[in-house]
Amino acid sequence: QVQLVESGGGLVQAGGSLRLSCAASGRTFSSYAVGWFSQAPGKERQIVAAISRIGASTYYSDTVKGRFTITRDNAKNTVYLQMNSLKPEDTAVYYCAGGPRILLGTMMSHYDYWGQGTQVTVSS
């Protein structure tokens, strides 16, 4: 089992950058695929980016491709989401999720463990 804690959210102007962190407890973190999901008010939670267990493979949604970068440092039990060129429509709560059963997942059902979320607000 793993516990996930997100940090790094905040208020930023359009065009700015933020780096989200997902810190995991447990010594088996390197055996988990990790995904970042976003949920805007009144909308469903959706995949933003995902990374495989050792970081060899990544996935990005079309809306963030070229602007966001997902990386991981298994020695620090942490996954990062670098968010550049932020837009007001990126405003949402961002959640990281851990999946021990998959290599790379794009659906909520692929993940077993979730953090509490961190708010990202992009002003125009």
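- At least one test fails for Arg101 against the ring of Tyr32: distance under 6.0 Å to the centre or angle within 45° of the axis.
- For the pair Arg45 and Phe37, the cation-pi test (distance below 6.0 Å, angle within 45°) is failed.
- Side chains of Gln46 and Ser38 form a contact here, defined as non-hydrogen atoms less than 4.5 Å apart.
- Ala14 and Ser124 make their closest contact through CB-CA, 4.4 Å (heavy atoms, listed as atom of the first residue, atom of the second, distance).
- Cluster membership check: Ile70 shares its hydrophobic cluster with Val120, using side-chain heavy-atom separations under 4.5 Å among Ile, Leu, Val, Met, Phe, Trp and Tyr.
- The CZ atom of Arg19 sits 12.0 Å away from the OG atom of Ser17 when rounded to the nearest 0.5 Å.
- In this structure, Val34 and Phe29 have side chains that are in contact, with non-hydrogen atoms separated by less than 4.5 Å.
- At a threshold of 4.5 Å between non-hydrogen side-chain atoms, the residues Met108 and Glu44 do not count as touching.
- We find the CD1-OG distance between Ile54 and Ser31 to be 12.0 Å, quoted to the nearest 0.5 Å.
- Note on residues 11-110: pairs passing disulfide (SG to SG under 2.5 Å), not counting sequence neighbours, are Cys22-Cys96.
- A 4.5 Å side-chain heavy-atom check between Gln119 and Tyr94 finds every atom pair outside the cut-off.
- If you chain together hydrophobic residues whose side chains sit under 4.5 Å apart, Val93 and Val122 never meet in one group.
- Using modelled atom types, one side-chain atom of Tyr111 and one backbone atom of Gly105 make a donor-acceptor pair closer than 3.5 Å.
- Heavy atoms only, all atoms of each residue included: Ser25 and Asn77 are closest at C-ND2, 4.4 Å.
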Taking it one step at a time, do Trp114 and Leu4 satisfy side chain to side chain contact (heavy atoms under 4.5 Å, CB included)? CA-CA 6 Å; Trp114 293 82; Leu4 304 173; 5.8 Å; no
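- In this structure, Thr69 contributes its side chain and Gln82 its backbone to no donor-acceptor pair below 3.5 Å.
- When every heavy atom of Leu104 is checked against every heavy atom of Ser57, the shortest pair comes out as CD1-O, 3.9 Å.
- Scanning all heavy atoms of the two residues, the minimum distance from Ser30 to Arg72 falls at CA-NH2, 4.1 Å.
- For the residue pair Asp73 and Thr78, no side-chain donor N or O sits within less than 3.5 Å of a side-chain acceptor on the partner.
- Following chains of ILVMFWY side-chain contacts shorter than 4.5 Å, one cannot reach Trp36 starting from Ile47, and the two form parts of different hydrophobic clusters.
- Applying side chain to side chain contact (heavy atoms under 4.5 Å, CB included) to Leu86 and the options Leu18, Val64, Thr91, Thr121 leaves one that passes, Leu18.
- With a 4.5 Å cut-off on side-chain heavy atoms, Glu6 and Tyr95 count as touching.
- Residue Leu81 is grouped with residue Val12 when hydrophobic side chains (ILVMFWY) are merged at heavy-atom distances under 4.5 angstrom, including chains of intermediate members.
- Not counting sequence neighbours, the partners of Lys65 by the side chain to side chain contact (heavy atoms under 4.5 Å, CB included) test are Tyr60, Asp62.
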